[in-house]
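Have a look at the structure below, then the notes.
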Amino acid sequence: MRSIRFLLFTLAAAAAAPAQPQARIKIDTDRVIGEVHPYLFGNFAEHLGRCIYGGIYDEGSPLADAQGYRKDVMQAIQGLGVSILRWPGGNFVSGYNWKDGIGPKSQRPVRPEGAWGALEPNQFGTDEFLQYAEKIGVQPYICINAGLGSIQDARDWVEYCNETRDTYWAQQRRKNGREKPYNVKIWGLGNEIDGPWQLGHKNVEDYGKFALEAAKAMRRVDDSIKLIASGSSNFRAGADWIGWNRAVLEHLRDTIDYISLHTYIGNPENNLEKFLAVSQDIDHRIEVVKGLILAAQSGRPVTRPIYIAYDEWNVWYRARGGNEHETGRTRLEEIYNFEDALAMGMFFNSFIRHADIVKMANLAQIVNVIAPIFTNEKGLFLQPIYFPIAEYGKQRGNLSLDVWTTSPTYQSGDRAPLKYLDVSSTFDRKTGYIYLNVLNRSQSMEIAADIENQSGKLGASASVWEMNHPDLKATHTFGADQKVRPSTKTVTLQQNGPAFRYAFPAHSLTILRLKLS
């Protein structure tokens, strides 16, 4: 009798317990969006704060090699899996004369820097950057000065870097110790020229004319280079960012290979779910610009595809001042926490879902300045955002899959409702591995999902990589960067036909690796 009463009590308790929120995820390896291009895992190094001097480059430091490059930073960058590195800016480039940064270091001028209010010693210039890119095994991406610079300056820069013949600027490169060309393939036609904060800010007509002529002159030196137009980054109230991008594409549709987008986000209201709802803006901007590209090419013989380069993105809101020079004095030294690490998954999920059009993305920036790596004179520590970036990078070259998802939803402010589970997936045809990337944006709910595979049979187990922490504000510092780290495990799949169930913890980022036979 006692056992019967116990059984009835257990059943009643189970019936009274609140049901776990449910979701469904369908994976179909035939529904391919596009290749996850290696350039999605790029980064950015600007002459700002301690990114270059005291970060990448630290002459005289016991931690630097004979050329002045920080060895510990190089190792951390290689662990991050960076594929392409943008330089030298950023706002800095719109006042930068690249010719100040070549030749004997003792003869290079020190100049006031107009973007961030600092002094530029010009000890790290074109040769130092390009040799650094070779050392760490990344593709270099140089952004020209389309603000105060000239078309001639841009043309000469390409000649200095890429010319093989016996020309003036190729000879200057040889005098400076580099015989063979650097063969720089990716060039940006200026930075944020639509922004009134930019030195040499232009209206769209003037920018279109400048960029078209600069592109012509640069390609007369090397017709193999790829060019990135300065898309709108001015999302202030009243700014016509759609009109800018439309006009730039009209001017440059037969010339460029990419148009750039920039997005920085923050959580000043201390609301995790609102913070992670910003993915709606990211998706919207990508989809609008994709539509503008299609419209610009409509009815024309398309010989040159145009893609999106999301070449500045990150969380950035604490280290800001009231104007550009005040912001420069903060040195943009953001200390990142666990919730910022979740935002890395949000960005990458969006890029992967749009892998057909987003073919480059550059986290801003690489070290000290809004960065995953933070140094002092004795060493460095890895910020919580480092680990999702490194893990997502393992999916480069995979095929992005169009995943169907249902999930409990929520509404943030006046936004449309969105799913708590933010999902992307990729497939490696060579190995047969499927990667399922799931961000649970709910601050408090664990959500169980029935995961259905539409083609082939899954193996009996899955590898799990997970970022989760009870303290959303947990951070790292020197000598203590083990707190917010991913956990890994292997789980047995309890399959029901082609499906299995997995519970995604509240406020977590999970990557499942599944073997398809």
Side-chain angles (χ1 to χ4, degrees), residues 24-43 78-84 137-139 286 305 307-310 344-363 386-405 421-439 449-467 486-493 495 497-502 504 508-517:
R24 287 176 69 200
I25 300 171
K26 288 185 178 181
I27 303 168
D28 186 343
T29 57
D30 289 331
R31 296 181 63 85
V32 174
I33 297 170
E35 181 202 15
V36 179
H37 199 284
Y39 288 173
L40 282 188
F41 307 98
N43 212 291
Q78 288 168 329
L80 194 61
V82 176
S83 57
I84 182 169
V138 303
Q139 183 74 230
I286 291 170
Y307 300 110
I308 291 171
Y310 227 116
M344 300 298 103
M346 180 190 68
F347 273 103
F348 278 119
N349 282 349
S350 183
F351 299 155
I352 288 170
R353 286 194 299 267
H354 298 93
D356 58 328
I357 193 68
V358 180
K359 294 296 185 183
M360 185 189 301
N362 302 73
L363 178 82
Y386 182 98
F387 307 101
I389 298 166
E391 191 66 21
Y392 270 90
K394 296 174 183 178
Q395 298 178 54
R396 69 190 66 201
N398 290 1
L399 299 176
S400 171
L401 302 180
D402 185 8
V403 180
W404 184 87
T405 305
L421 294 189
D422 180 54
V423 182
S424 71
S425 182
T426 71
F427 178 48
D428 183 347
R429 279 186 172 153
K430 296 175 187 173
T431 63
Y433 281 113
I434 295 170
Y435 294 77
L436 188 64
N437 312 304
V438 181
L439 169 65
D450 290 325
I451 300 168
E452 304 171 27
N453 174 46
Q454 302 295 298
S455 55
K457 185 178 180 181
L458 295 177
S461 63
S463 299
V464 181
W465 178 98
E466 180 183 286
M467 284 286 286
S487 63
T488 58
K489 61 185 177 182
T490 300
V491 296
T492 300
L493 302 183
Q495 299 191 45
F500 68 96
R501 179 167 291 188
Y502 191 87
F504 296 98
S508 67
L509 177 62
T510 305
I511 300 177
L512 300 177
R513 192 179 70 155
L514 311 163
K515 180 69 172 180
L516 184 67
S517 60

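In terms of heavy-atom proximity, Pro486 sits nearest to Trp465 at CB-NE1, 3.2 Å. For the residue pair Val403 and Val423, the shortest heavy atom distance occurs at CG1-CG1, 4.1 Å. Among all heavy-atom pairs drawn from Ala462 and Leu493, the shortest one is CB-CD2, 3.7 Å. Arg353 and Ile33 make their closest contact through O-CD1, 3.4 Å (heavy atoms, listed as atom of the first residue, atom of the second, distance). Taking every heavy atom of both residues into account, Leu421 and Ala449 meet most closely at CD1-CB, 4.4 Å. Pairing each heavy atom of Phe351 with each of Ala361, the nearest pair is CE1-CB, 3.7 Å.
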Full working for side-chain contact (heavy atoms from CB on, under 4.5 Å) between Tyr502 and Thr510
CA-CA 11 Å; Tyr502 191 87; Thr510 305; 4.2 Å; yes

Report the C-alpha distance between Thr490 and Ser461 in whole Å, list the side-chain angles of each, state the deciding distance to 0.1 Å, and finish with yes or no for side-chain hydrogen bond (donor to acceptor under 3.5 Å, both in side chains).
CA-CA 7 Å; Thr490 300; Ser461 63; over 6 Å; no

Between Tyr310 and Leu40, is the side-chain contact (heavy atoms from CB on, under 4.5 Å) condition met? List the steps.
CA-CA 8 Å; Tyr310 227 116; Leu40 282 188; over 6 Å; no

Could you walk me through whether Leu458 and Ile451 satisfy the side-chain contact (heavy atoms from CB on, under 4.5 Å) test, starting with their C-alpha distance in whole Å, then the side-chain angles of each, then the deciding distance to 0.1 Å, before giving a yes or no?
CA-CA 11 Å; Leu458 295 177; Ile451 300 168; 5.8 Å; no

Could you walk me through whether Ile511 and Lys394 pass the side-chain contact (heavy atoms from CB on, under 4.5 Å) check?
CA-CA 11 Å; Ile511 300 177; Lys394 296 174 183 178; over 6 Å; no

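Interatomic distance, CD1 of Ile352 versus OG1 of Thr426, reported as 6.0 Å (0.5 Å rounding). Rounding to the nearest 0.5 Å gives a distance of 10.0 Å between CG of Asp30 and CD of Gln454. Note: Glu452 CD to Arg24 CZ = 4.0 Å, rounded to the nearest 0.5 Å. Taken from CD1 in Ile308 to CE in Met360, the straight-line distance is 12.0 Å, to the nearest 0.5 Å.
For the side-chain hydrogen bond (donor to acceptor under 3.5 Å, both in side chains) test, no residue two or more places apart in sequence or in another chain qualifies with Tyr386. Residues satisfying the side chain to side chain contact (heavy atoms under 4.5 Å, CB included) test with Thr431, not counting sequence neighbours, are Asp428, Tyr433. Applying the side chain to side chain contact (heavy atoms under 4.5 Å, CB included) test to Ser83 and every residue at least two apart in sequence or in another chain returns Tyr39, Phe41, Arg396.
Between Leu363 and Phe347, every side-chain heavy-atom pair lies at or beyond the 4.5 Å cut-off. Leu401 has its side chain within reach of Val32: a pair of non-hydrogen atoms, C-beta onward, lies under 4.5 Å apart. Two residues are said to be in side-chain contact when any heavy atoms from C-beta on lie closer than 4.5 Å; Asn362 and Asn43 fail this criterion. Taking the side chain as every heavy atom from C-beta outward, Leu514 and Phe500 approach each other to under 4.5 Å. Using a 4.5 Å heavy-atom threshold, the side chains of Met344 and Leu509 count as separate.
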